[in-house]
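Each remark here refers to the structure printed beneath this line.
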Number of protein chains: 2
Amino acid sequence: MDQSIWIDKLKEKGLKATQQRLAILEVLVEENFPLSAQNIFSKLRRNNPNLRLSTVYRTLNSFVEKKIVRKLDLIDKESFFELLSGEHHHHLICMKCGEIIPIDCPLKDYEEELIDNTDYTIIDHRLKIYGICPRCR
Amino acid sequence: MDQSIWIDKLKEKGLKATQQRLAILEVLVEENFPLSAQNIFSKLRRNNPNLRLSTVYRTLNSFVEKKIVRKLDLIDKESFFELLSGEHHHHLICMKCGEIIPIDCPLKDYEEELIDNTDYTIIDHRLKIYGICPRCR
DNA sequence: CCCTTATTGCAAATGATTTGCATCACTGGA
DNA sequence: TCCAGTGATGCAAATCATTTGCAATAAGGG
Ligand SMILES: [Mn+2]
Ligand SMILES: [Mn+2]
Ligand SMILES: [Zn+2]
Ligand SMILES: [Zn+2]
């Protein structure tokens, strides 16, 4: 991973480019997949014995706020986080094995309609589809 | 509320028609709106001083399992529960005042497409749209 | 009305996430 | 390159919604 790009991006957003933040970004980039705070923490603790889970949470929260990362509630309790890069999309989740597949967003036109019907300003939306994958079926 | 209908419905699903369950159903029916466990608990505790929040949770969970009620994660942390009655729908949420508006489900065709593309068995889905209502804007 | 069993009251535990505070490490400027 | 100021982190403790264990209670079929 080219750190300098991320260092710039962090500074741009008013965040200091700390070791911890860069390490967390690195995991998010190379996995390129929704991960929990605990997931990220486990991966990094090996080489960073005194990294704390609270730091991971604080980092992810600031990334969400700065729109570097998106927070997802795919299954009950644990939240997942994924890098905001590439196409806007949603997720199809296998309820047996937990596989997560990205899916296209079908809501463009629907949102236009909604604006007309409700006079709301639309800011964001969340869509998750739950099913059983072919292997688990 | 006509209790006998609900008593029958509960028995049909293999649940005993207890005072607590009927009271919780009554709140859900008359509010006809997503409510948190705490919401329901507060409303009922006035007349039921020894109803417990844990009972409300246990009841709601069994209702979800028996498909009498649907659990929604509209905002962070607290879950909401709404009676499964009327049209299948989703929600538009005002991020300022918390207003919740039911909206039609636009996903029928999209799900067909998904089945073809992914070979998943689709079981359920969740859609929430966040915005600002005209009054808050 | 009684017996069996599900359900509740109650209190304690859980588990993800947050927070307070002292210390540390970035970063922009000297 | 060094320094001061401020934001970030380590660490431990707190929060808060939700769950759970267990003994006591109340449905409801017979
Ligand atoms: Mn994704
Ligand atoms: Mn609704
Ligand atoms: Zn699967
Ligand atoms: Zn509003």
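Between the P atom of dT7(C) and the CG atom of L51(B) lies a distance of 16 Å, rounded to the nearest Å. One can place CD of E78(A) at 16 Å from C1' of dT18(D), the figure rounded to the nearest angstrom. Between Y57(A) atom OH and dT9(D) atom P the separation is 16 Å, expressed in whole Å. To the nearest angstrom, P of dA6(C) lies 11 Å from NZ of K66(B). Spacing between atom NZ of K77(B) and atom P of dT17(C) amounts to 10 Å, rounded to whole angstrom units. Distance L60(B) CG to dT19(D) C1': 13 Å, rounded to the nearest Å. Whole-Å rounding puts the L10(B) CG to dG28(D) C1' distance at 13 Å. The separation between R21(B) atom CZ and dT8(C) atom P is 5 Å, rounded to whole Å.
The aromatic rings of H88(B) and H125(B) sit perpendicular, their planes meeting at an angle over 60°, well past the 30° parallel limit.
Taking the nucleotide of DNA chain D with the nearest heavy atom to each of K71(B) and N48(A), the more 5' of the two is matched to N48(A). Remark on DNA chain D: of its neighbouring residues D73(B) and L15(B), the 5'-side contact belongs to D73(B), judged by nearest-heavy-atom nucleotide.
For dA6(C), neither phosphate oxygen OP1 nor OP2 lies less than 4.0 angstrom from any side-chain nitrogen or oxygen of T18(B). At dT25(D), none of the side-chain N or O atoms of Q19(B) fall inside 4.0 Å of OP1 or OP2 (strictly under the cut-off). For dT8(C), neither phosphate oxygen OP1 nor OP2 lies less than 4.0 angstrom from any side-chain nitrogen or oxygen of N50(B). Taking side-chain N and O atoms only, N61(B) has a distance below 4.0 Å to OP1 or OP2 of dT19(D).
For Q20(B), the listed nucleotide lying nearest its side chain is dG9(C); candidates were dT7(C), dG10(D), dG9(C). The nucleotide whose nearest atom lies closest to any side-chain atom of S54(B) is, among dT19(D), dT8(C), dT7(C), dT19(D). When distances run from any side-chain atom of T55(A) to the nucleotides dT7(C), dT9(D), dT27(C), the shortest one goes to dT9(D). Of the candidate nucleotides dG10(D), dT27(C), dA11(C), dT27(C) has the atom lying nearest to any side-chain atom of A17(A). Taking only side-chain atoms of L53(A), from C-beta outward, the nucleotide of dA8(D), dT17(C), dG9(C) with the closest atom is dT17(C).
The hydrophobic cluster containing M95(A) does not contain L114(B), counting ILVMFWY residues as joined when their side-chain heavy atoms lie under 4.5 angstrom apart, directly or transitively.
Looking at heavy-atom distances under 4.0 Å, Q38(B) makes no contact with the nucleic acid at all. Note on R58(B): a base of the nucleic acid sits closer than 4.0 angstrom, heavy atoms only. Here S79(A) lies in heavy-atom contact (under 4.0 Å) with sugar-phosphate atoms only. As judged by a 4.0 angstrom heavy-atom cut-off over every strand, A37(A) is placed among residues making no nucleic acid contact.
Looking at heavy atoms from C-beta onward, C97(B) lies out of side-chain contact with R135(B) at the 4.5 angstrom threshold. Looking only at side-chain heavy atoms (C-beta outward), E82(B) and E31(B) stay at 4.5 Å or farther from each other.
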query = Going through the checks in order, is the side chain to side chain contact (heavy atoms under 4.5 Å, CB included) test met by L25(A) and I68(A)?
reply = CA-CA 9 Å; L25(A) 278 173; I68(A) 297 169; 4.0 Å; yes
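With hydrogens and angles ignored, a donor-acceptor pair closer than 3.5 Å exists between the side chain of K16(B) and the base of dT5(C).
For the atom pair E78(A) CD and D73(A) CG, the distance stands at 11.0 Å (nearest 0.5 Å).
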